[in-house]
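As structure tokens, the structure follows; a few thoughts come after it.
When a ligand or atom number is given, it counts from 1 through the structure's own listing order. Below, each value reflects all heavy atoms present in this structure, side chains not excepted, and no hydrogens, waters or symmetry copies. In what follows, residues are counted from 1 in the order of the sequence shown.
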Amino acid sequence: MMLYKLNEILFNKQISSRYWHMEVFVGQDVDNVLPGQFFNLLCSNENTFPFLRRPLSVYKINYDKKTIEFLYLVKGDGTKRLTKFKNGDCMDLVGPLGVPFKLNNGARHILLVARGVGIATLTALAQYAVEKGIQCHAILSARTKDDLLAVRLLTSLGVHLHIVTDEEGTSELTHVKEIMQKIHYKFSIQGIYVCGSKRLSKLAKSFVIEQKLEGQIALEEHMACGMGVCFACVCNILNDENIESVRVCKEGPVFDLRKVVL
Ligand SMILES: Cc1cc2nc3c(=O)[nH]c(=O)nc-3n(C[C@H](O)[C@H](O)[C@H](O)COP(=O)(O)OP(=O)(O)OC[C@H]3O[C@@H](n4cnc5c(N)ncnc54)[C@H](O)[C@@H]3O)c2cc1C
């Protein structure tokens, strides 16, 4: 169901040098929101710039409070303008949009692999998985310790965290692969869910193919309409040996990791 509304912002605060956290009241519509989906946000109520909405994944879904939360990196004009919203202001949202993550019924252990703000969409998945009694493991990669996100929330959900950073020299692929192998050896994970880095996604893709696991990826392509009309955000999928171009906003943003051409 489509939600297109002005919603009250409960908070919009800076949490580290480059990242902000926002909570928005969405009322009864919260029941339609699933992890992996995103909302398209109008970044300014005062003028028409930037004209295009900016997509943000759902970071946390609070069914009790009827709110959703976003975690965002301040990148360009749109996200800079988002930081100007104050508590009590209205946010013009379209969503929830896109295809959510799917969890296998029999899954007992899953691994989340994220770089930077890629953890936003995977945190909502962790929340959902934990509610279903699935144990989550996560590899969080970031440039610096200051760039690590969602650590407190993931820890409170009982997610087993493995942190790697560029500044400590622990984020290179060989080391991340060793961590993946150790987790899989110990817990026999059933699936890997990835977002936020092409290098890590390629590694996770080869790992799921090699180990015959489930794999899903949340892609973050540039978007224009966000609703499947403009075809600005296509990516390639390998279907029965044929390459198919599909829209990230409509057929995604969550795809089978084994099929996405990276
Ligand atoms: C489905 C989806 C979910 C997303 N979820 C989140 C989220 O939860 N948190 C978050 O911080 N970001 C998320 N993003 C990315 C976010 O939408 C962009 O960072 C934002 O639109 C940038 O807008 P801007 O006006 O600040 O920057 P712009 O001025 O539009 O761009 C600044 C720079 O970033 C590049 N850029 C812009 N958009 C993207 C993109 N989608 N991918 C790669 N490079 C880009 C531009 O080329 C430019 O170089 C998501 C993107 C998608 C498609």
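- Under the 4.0 angstrom criterion, atom 39 (C) of ligand 1 counts as having a protein heavy-atom contact.
- Aromatic pair Phe11/His21: ring centres closer than 6.0 Å.
- Put simply, atom 31 (O) of ligand 1 has no protein non-hydrogen atoms near it, under 4.0 Å away.
- Atom 34 (O) of ligand 1 lies below 4.0 Å from at least one non-hydrogen atom of the protein.
- By the 4.0 Å N-to-carboxylate-O rule, Lys177 lies close enough to Glu210 to be salt-bridged with it.
- Summarising the contacts of atom 24 (P) of ligand 1 with Arg54, Lys80, Glu220, the nearest heavy atom is found in Arg54.
- Checked by atom type and distance alone, the side chain of Thr170 pairs as donor or acceptor with a backbone atom of Thr165 at under 3.5 Å.
- Ranking the protein heavy atoms by distance from atom 37 (C) of ligand 1 puts His222 CE1, 3.5 Å first.
- Distance check, rounded to the nearest 0.5 Å: CG of Leu111 to CD1 of Ile189 gives 4.5 Å.
- For ligand 1, the atoms lying closer than 4.0 Å to a non-hydrogen atom of Leu73 are 10 (C), 11 (O).
- At a 4.0 Å heavy-atom cut-off, ligand 1 touches Val117 through the side chain alone.
- Taking the charged nitrogens against the carboxylate oxygens, Glu23 and Lys65 do have a contact shorter than 4.0 Å, which makes a salt bridge.
- Residue contact check: Ala120 has heavy atoms under 4.0 Å from atoms 8 (O) of ligand 1.
- Look at Asp92 and Arg53 and you find a salt bridge, because one of the NZ, NE, NH1 or NH2 atoms lies within 4.0 Å of a carboxylate O, short of that distance.
- The list of ring-ring contact (aromatic ring centres under 6.0 Å, His included) pairs with a residue in residues 124-153, not counting sequence neighbours, reads His109-His137, His137-His160, His137-Phe187.
- By the criterion of a heavy-atom distance under 4.0 Å, the backbone of Leu71, and not its side chain, is placed next to ligand 1.
- Given atom 16 (C) of ligand 1, the protein heavy atom at minimum distance is Pro55 O, 3.5 Å.
- Residue-level proximity to ligand 1 for Met223 is carried by the side chain, the only part with a heavy atom below 4.0 angstrom.
- Heavy atoms of Glu221 found under 4.0 angstrom from ligand 1 belong exclusively to the backbone.
- By the criterion of a heavy-atom distance under 4.0 Å, both the backbone and the side chain of Tyr72 are placed next to ligand 1.
- In terms of protein heavy atoms, atom 28 (P) of ligand 1 is closest to Gly76 CA, 4.1 Å.
- Near Phe38, meaning under 4.0 Å from any of its heavy atoms, are these atoms of ligand 1: 1 (C).
- Nearest protein heavy-atom neighbour of atom 18 (C) of ligand 1: Lys75 CD, 4.5 Å.
- Between Met227 and Cys249, the shortest heavy-atom contact is N-SG, 3.8 Å.
- Contacts of Ser57 with ligand 1, taken as heavy-atom pairs under 4.0 Å, involve both backbone and side chain.
- Hydrophobic clustering, with ILVMFWY side chains joined whenever heavy atoms are under 4.5 angstrom apart, keeps Ile110 apart from Ile179.
- Heavy-atom proximity to atom 10 (C) of ligand 1, evaluated over Ile119, Leu56, Thr79, Leu97, is greatest for Leu56.
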